[in-house]
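Below you'll find the structure, written out as structure tokens, and then a few comments.
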Amino acid sequence: MFPPLPYLEWISGRVEAAEYDLGSSDLRSAPHESDIVPERLTGLPDPDDETLRAQLADVYDVSPENVLVTAGATHANLLAESAALAVALDDTEEAENSNPQVLVEKPGYQPLVLTPGALSARVDRFLRPARDEYVLSGDRITAAAMDDFALAVTSNRHNPTGRLTSRESLATAAEACREAGGYLLVDEVYAPFVGDATTDHAFGGVTGAGLPNTIVTGSLTKFYGLGGLRIGWLIASAEIVDAARHAAFHVPAVAEPSRALARRALHNRDELSASARDHLRTNHELLASFAAEHDELSGMVYPGSTFAFFEHEHVSGDELVEAAWEQDILVVPGRFFDQSGGFRVALGRDPEHVEAALDALSGVIESLSASTEA
């Protein structure tokens, strides 16, 4: 049975209710768009006859057989995990009684932790500790992997801290997974979040696509702010893509109107990416300035990131989040990322909204600091 996802249940309705949204991480201007065609896609040309699958293959510099289009990144992660487990069970002599091991980073995004268990995996954790600045370590994966290891799950940028992992470090982690007999799954919804494009592929960001024993997932939600389309994908070996496609028949398919609008988005990705990077750079500067102004907060704003994880020196994450919510400010409790002592601030909305929201949050922080010192 699929377990409840407390984070998604908690945040449901809060984005719409908050006057100041510092919980949403996707780069968009408004909390919702009711138009059938999103404003940023209105008036843009469509491609002639290129499929969405072929477009994504071009973006990631892979063959179309290595691409599966999904109904968002959450859907992609579910299918990727199902596929990796199916391959692991095929390789297991006692498959009927087997519960393969899935390792998930800690701290980490709660759905990435809970979903594999619903697929009958045994979920264990590997650490990305604060003392190591949340680095992704292949050695930690190796140390935690057991004989029935099937998959290690990570995010890049790391959610909730915003740390970006290099291609070289991803390759090291992938090799650790290969040696342990399994795969590396990289949720890359935040990978394009770089101030200046570092490559012609993968929307200008870091990717694990093409590395041995590696599955990557992404979507149009975070970087392009097109969450309403519910378009995601996974990039993997043909064996994994085929297994994921088998699993996809058991869940809802991608809507054709969404697929058509996604084709338009990718056809105009240079223009959309330039706009997204302007948005990203401005909000990163606002977040860095905010962090520098508050000595009572600990935590790092990683280069180029528009979200970060902080701890207040006197109050818990839940206390700060509740105090902020009383002032109509949405920030996310750290308990949903295995770190109850802190909170995540995410700057997805337009800079004018973000600036006002950070000013309001500064007022809450100053009030909490004053009350604890009294």
Side-chain angles (χ1 to χ4, degrees), residues 3-28 31-32 105-114 128 130 134 155 157-163 189-190 222 227 283-284 286-302 305-350 353-374:
L5 295 172
Y7 167 64
L8 297 183
E9 293 180 0
W10 177 87
I11 202 168
S12 178
R14 289 180 183 257
V15 173
E16 298 84 359
E19 180 177 359
Y20 300 112
D21 177 13
L22 293 173
S24 300
S25 54
D26 46 318
L27 301 177
R28 55 179 170 162
H32 288 287
E105 65 188 3
K106 184 177 183 179
Y109 178 55
Q110 190 179 69
L112 295 180
V113 180
L114 295 180
R128 299 183 62 167
Y134 305 102
S155 55
R157 293 181 177 264
H158 179 226
N159 192 8
T161 67
R163 182 184 178 109
V189 294
Y190 296 113
K222 300 302 182 182
N283 281 6
H284 169 71
L286 289 170
L287 183 58
S289 296
F290 167 80
E293 291 167 359
H294 293 285
D295 293 336
E296 63 271 69
L297 296 183
S298 60
M300 180 176 291
V301 178
Y302 286 95
S305 182
T306 52
F307 60 96
F309 188 82
F310 298 110
E311 293 187 1
H312 191 287
E313 62 182 348
H314 295 304
V315 300
S316 70
D318 280 345
E319 289 172 314
L320 189 143
V321 168
E322 184 60 31
W325 187 246
E326 290 175 359
Q327 301 301 317
D328 290 325
I329 308 165
L330 175 64
V331 293
V332 179
R335 57 188 161 92
F336 294 128
F337 304 95
D338 307 301
Q339 298 197 118
S340 60
F343 59 100
R344 192 192 73 170
V345 173
L347 277 55
R349 298 283 297 278
D350 66 88
H353 177 96
V354 162
E355 191 166 11
L358 289 175
D359 285 344
L361 182 59
S362 291
V364 171
I365 292 170
E366 290 164 6
S367 176
L368 287 172
S369 298
S371 65
T372 57
E373 293 172 359

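Counting begins at 1 with the first residue of the sequence. Keep in mind the model is a prediction, meaning the values are calculated, not measured. Keep in mind that the numbers below use all heavy atoms, side chains included, and drop hydrogens, waters and symmetry copies.
With values rounded to the nearest 0.5 angstrom, Arg128 atom CZ is found 7.5 Å from Arg163 atom CZ. Once rounded to the nearest 0.5 Å, the distance linking CD of Glu366 with CD of Glu296 reads 7.0 Å. One finds the OH atom of Tyr7 at 5.5 Å from the OH atom of Tyr109 (value rounded to the nearest 0.5 Å). To the nearest 0.5 angstrom, Phe336 atom CZ is 9.0 Å from Leu8 atom CG. Remark: Glu9 CD to Gln110 CD distance equals 9.0 Å, nearest 0.5 Å. Atom CZ of Arg157 sits about 7.5 Å away from atom OG1 of Thr306, to the nearest 0.5 Å.
Ring pair His314/His312 is tilted by interplanar angle, where 30° to 60° counts as tilted. The aromatic rings of Phe290 and Phe310 lie perpendicular to each other, with more than 60° between the two planes, well past the 30° mark.
Checked against the 6.0 Å centroid threshold, Phe309 and Tyr134 do not count as a close aromatic pair.
Minimum heavy-atom separation, Ala324 to Val364: N-CG1, 4.0 Å. Taking each heavy atom of Asn283 and Asp350 in turn, the nearest pair found is OD1-C, 4.4 Å. Listed here is the closest heavy atom pair of Val331 and Val321: O-CG1, 3.6 Å. The two residues Pro107 and Asp338 make their nearest non-hydrogen contact at CA-OD2, 3.5 Å. Considering all non-hydrogen atoms of both residues, Pro333 and Asp318 come closest at CB-OD1, 3.4 Å. Between Ala18 and Leu330, the shortest heavy-atom distance links the atoms CB-CB, 3.8 Å.
With sequence neighbours excluded, the residues forming a side-chain hydrogen bond (donor to acceptor under 3.5 Å, both in side chains) with Ser24 are Asp21, Arg28, listed by chain and number. Partners of His284 under the side-chain hydrogen bond (donor to acceptor under 3.5 Å, both in side chains) rule, at least two apart in sequence or in another chain, do not exist in this structure. Ser362 is linked by a side-chain hydrogen bond (donor to acceptor under 3.5 Å, both in side chains) to His294, counting only residues two or more places apart in sequence or in another chain.
Counting only N and O atoms by type, the side chains of Ser25 and Tyr190 include a donor and acceptor under 3.5 Å apart. For Asn159 and Arg344, the side-chain atoms include at least one donor-acceptor pair closer than 3.5 Å. With 3.5 Å as the limit, one finds a donor-acceptor pair spanning the side chains of Glu319 and Ser316. Checked by atom type, the side-chain pair Ser155/His158 shows no donor-acceptor distance below 3.5 Å.
With Ser369 contributing its side chain and Ile365 its backbone, the two residues share a donor-acceptor pair below 3.5 Å. Checking side-chain atoms of Arg335 against main-chain N and O of Ser340 turns up no donor-acceptor pair under 3.5 Å.
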request  = Start with the C-alpha distance between Leu22 and Phe307, add both sets of side-chain angles, then the distance that settles side-chain contact (heavy atoms from CB on, under 4.5 Å), and finish with yes or no.
outcome  = CA-CA 9 Å; Leu22 293 173; Phe307 60 96; over 6 Å; no

task = For the pair Phe337 and Val332, evaluate side-chain contact (heavy atoms from CB on, under 4.5 Å) and give the outcome as yes or no after the intermediate values.
result = CA-CA 9 Å; Phe337 304 95; Val332 179; 3.6 Å; yes

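Tyr20 has its side chain out of reach of Leu361: every pair of non-hydrogen atoms, C-beta onward, lies at least 4.5 Å apart.
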